Chemist: 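For reference, the structure I am asking about is given below.
Just so we're clear, the structure is a prediction, and the values are computed from it rather than from any experiment. Ligands are counted one by one from 1 in listed order, and the atoms in each one are counted from 1 as well.
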Amino acid sequence: MKSFADAALPPALLKALDSLGYQRPTEVQAQSLPPMLAGRDVRVQASTGSGKTAAFGLALLSALRTDTAELQALVLCPTRELADQVARELRGLARFIPNVKILSLCGGVSVRPQLASLQAHEPHIVVGTPGRIEDLIKRQALPLDRIHWVILDEADRMLDMGFIEPIGRILGQLPRERSTGLFSATYAEEIRQISREFQHEPVEVEIAGQAADVSIAQHFYKVEKQDKPAALQALLGERAPSSCLVFCNTRIDTRDVAARLQAAGFSALALHGELDQRERDEIVVQFGNGSCQVLVATDVASRGLHIEGLPMVIAYELPTDPAVHVHRIGRTGRAGESGLACALVSGREQGRIQGIEALTGMKLSWSALPNRSGKPQRPAMKTLIIDAGRKDRLRPGDILGALTGAGGLRGDEVGKIDVFATRAYVAVSRERAPSVVRALRQAQIKGRKFRIRDI
Ligand code: AMP
């Protein structure tokens with residue numbers, strides 16, 4: 001499974017994945033989701049950070065019937081913190097499915113409100129710790145007869161905490177016609193034993209390396225509006241990312257922020273909805289080929305950008321909709337790569353943090369701004385425009401040939417080549433750009449002379 005669209009997921013889940021900014025499945029998801037969607041038992045070796053929660057979450061939610069209020073899935077976790085986190089992630093994935101009730105039931109708090117909540121509305125999914133779940137079963141507060149999915153999350157930690165016996169007793173009471181997912185970072189003999197006893201021909205999934213697939217470091221900075229331009233420059237100077245997308249909530253801000261960055265010596269451009277197609281193309285090309293370090297954009301304008309795995313994104317301001325912020329974060333640190341997501345938050349915007357915490361299931365903390373700001377960097381590349389394109393039958397190979405021939409460049413001094421209908425853009429090493437332009441003005445491409453200049 002290469003993309004989420006390859007799996008037969010209901011539209012509401014695809015929409016949720018989109019709004020959460022999960023564009024590609026992680027390794028665990030790619031390998032474990034297809035068998036789970038087919039109702040197979042799975043035994044997955046995966047640790048926190050691998051995306052395992054969404055892997056089983058998507059399977060549970062795909063198989064859920066919400067036209068009846070019946071308990072259909074049970075997730076057992078070692079700790080209350082993990083159970084709460086799993087319940088939040090499930091709610092995030094279920095945000096476009098109406099009337100789903102997901103309840104977290106753990107020990108350490110009074111059982112009374114839990115009993116009352118179970119009586120008022122039967123949940124569809126329960127996430128809890130084994131001790132409390134067993135207690136609720138004994139009190140006949142949890143109807144087990146419709147459960148068709150059970151997940152043991154972080155089974156090795158549950159074992160360490162002495163939950164092995166309650167788990168056995170709980171599983172022994174569930175309907176036999178069900179699917180069981182066993183997730184664990186390590187596989188001790190006792191866990192294999194549980195698998196042998198309670199699983200039916202499980203599909204085994206092992207993720208090599210065990211490193212987190214998705215690692216995005218998030219930093220939130222308290223900065224009042226008037227101090228944001230300086231804070232932005234300090235962050236860009238200190239981190240010196242090869243490229244960075246800065247999000248603003250309005251078009252006017254994108255222009256203003258980009259202009260201030262330019263004045264401070266940064267290579268920055270603004271992308272917003274009021275540009276014509278050619279202006280837009282030229283900005284996107286320059287950002288995509290490494291000629292422009294910082295792109296300042298509105299959320300809408302950045303949507304069509306096919307630039308993935310950016311090393312850094314910065315929210316100049318928090319959006320009112322938390323899903324938009326999660327989408328922004330999702331532009332950095334794609335599976336397997338690390339990313340940095342920063343947000344500048346004024347006192348007025350601090351109320352928006354809660355919504356983001358609820359949606360991401362993460363407790364956010366504040367970071368301190370760097371004291372000293374580094375110097376603006378010059379991008380490594382510069383973009384040249386050639387006034388000819390596909391209509392002139394100009395192909396990337398012709399341009400590369402001219403640059404390495406008459407232009408005198410080495411292959412590695414030529415970057416990305418974008419050919420449009422009537423124009424072409426090519427990135428070349430910044431230092432060599434003036435001499436290349438001079439040389440190519442004298443030379444021919446495909447036996448013809450074309451206008452060429454830099455931007
Ligand atoms: P987990 O291993 O379940 O604790 O997930 C680790 C983090 O990765 C969580 O913050 C998820 O929100 C995030 N995540 C899960 N799946 C994806 C995905 N396909 N793309 C991007 N982020 C993801």
Side-chain angles (χ1 to χ4, degrees), residues 1-7 9 13-34 36-37 42 44-62 75-95 102 104 125 127 151-157 181-186 205-207 209-220 308-310 313 322-341 355-365:
M1 186 179 99
K2 283 218 164 52
S3 81
F4 286 116
D6 295 340
L9 290 173
L13 290 179
L14 289 174
K15 193 170 161 194
L17 287 168
D18 187 47
S19 81
L20 290 166
Y22 297 3
Q23 298 200 339
R24 268 191 266 127
T26 64
E27 194 59 32
V28 178
Q29 292 160 3
Q31 292 196 39
S32 65
L33 196 49
M36 283 197 284
L37 288 174
V42 292
V44 185
Q45 182 167 5
S47 50
T48 301
S50 59
K52 65 185 166 62
T53 317
F56 64 72
L58 289 166
L60 304 187
L61 291 166
S62 296
V75 182
L76 294 176
C77 297
T79 64
R80 182 201 171 120
E81 287 70 34
L82 183 65
D84 287 345
Q85 195 181 314
V86 167
R88 272 197 299 264
E89 171 117 17
L90 294 180
R91 288 189 194 108
L93 291 167
R95 59 203 304 254
I102 298 166
S104 165
I125 301 177
V127 185
I151 301 291
L152 305 178
D153 193 13
E154 304 204 354
D156 47 352
R157 283 178 67 203
L182 181 62
F183 288 76
S184 190
T186 56
V205 173
E206 248 183 72
I207 303 304
Q210 279 298 297
D213 277 309
V214 179
S215 60
I216 300 173
Q218 286 202 63
H219 294 280
F220 289 78
E308 292 201 343
L310 285 166
V313 298
V324 170
H325 189 71
V326 174
H327 216 278
R328 290 175 173 184
I329 299 168
R331 306 299 302 243
T332 179
R334 294 307 157 113
E337 297 157 31
S338 63
L340 177 65
I356 296 170
E357 285 181 331
L359 190 59
T360 58
M362 275 186 273
K363 182 89 188 84
L364 307 177
S365 59

Chemist: Does R24 approach ligand 1 within less than 4.0 angstrom via side chain, backbone, both or neither, non-hydrogen atoms only?
Modeler: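 Only the backbone of R24 comes within reach of ligand 1.
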Chemist: I'd like to check whether T53 has a polar contact with ligand 1, where a contact means an N/O of the residue lying under 3.5 Å from an N/O of the ligand.
Modeler: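 So ligand 1 has an N or O lying under 3.5 Å from an N or O of T53.
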Chemist: I want to check something: taking the side chain as every heavy atom from C-beta on, are L17 and L9 in contact at a cut-off of under 4.5 Å?
Modeler: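 Side-chain contact under 4.5 Å: yes.
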Chemist: With heavy atoms only and a cut-off of under 4.0 Å, state how F4 meets ligand 1: side chain, backbone, both or neither.
Modeler: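 Within the 4.0 Å criterion, F4 contacts ligand 1 through side-chain atoms alone.
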Chemist: Determine, using ring centers only, whether Y22 and F4 are less than 6.0 Å apart.
Modeler: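 No, too far apart.
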Chemist: Checking the N or O distance criterion of under 3.5 Å, is ligand 1 in contact with G51?
Modeler: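 Among all N and O atoms of G51, at least one is under 3.5 Å from an N or O of ligand 1.
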Chemist: Does any non-hydrogen side-chain atom of E154 lie less than 4.5 Å from one of T79?
Modeler: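 When only atoms from C-beta onward are counted, E154 and T79 do not touch, as no gap falls below 4.5 Å.
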Chemist: Under 4.0 Å from any heavy atom of S50, which atoms of ligand 1 are there?
Modeler: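 In order of numbering, the contacting atoms are 2 (O).
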Chemist: May I ask you to test the T53-L93 pair for a side-chain heavy-atom distance under 4.5 Å?
Modeler: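 A side-chain contact is absent here, since even the closest heavy-atom pair is not under 4.5 Å.
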Chemist: Is any side-chain N of the basic residue among R88 and E357 closer than 4.0 Å to the acidic one's carboxylate O?
Modeler: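 No salt bridge links R88 with E357.
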Chemist: Does any N or O of ligand 1 fall below 3.5 Å from an N or O anywhere on Q29, backbone included?
Modeler: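 Yes, Q29 has an N/O under 3.5 Å of an N/O on ligand 1.
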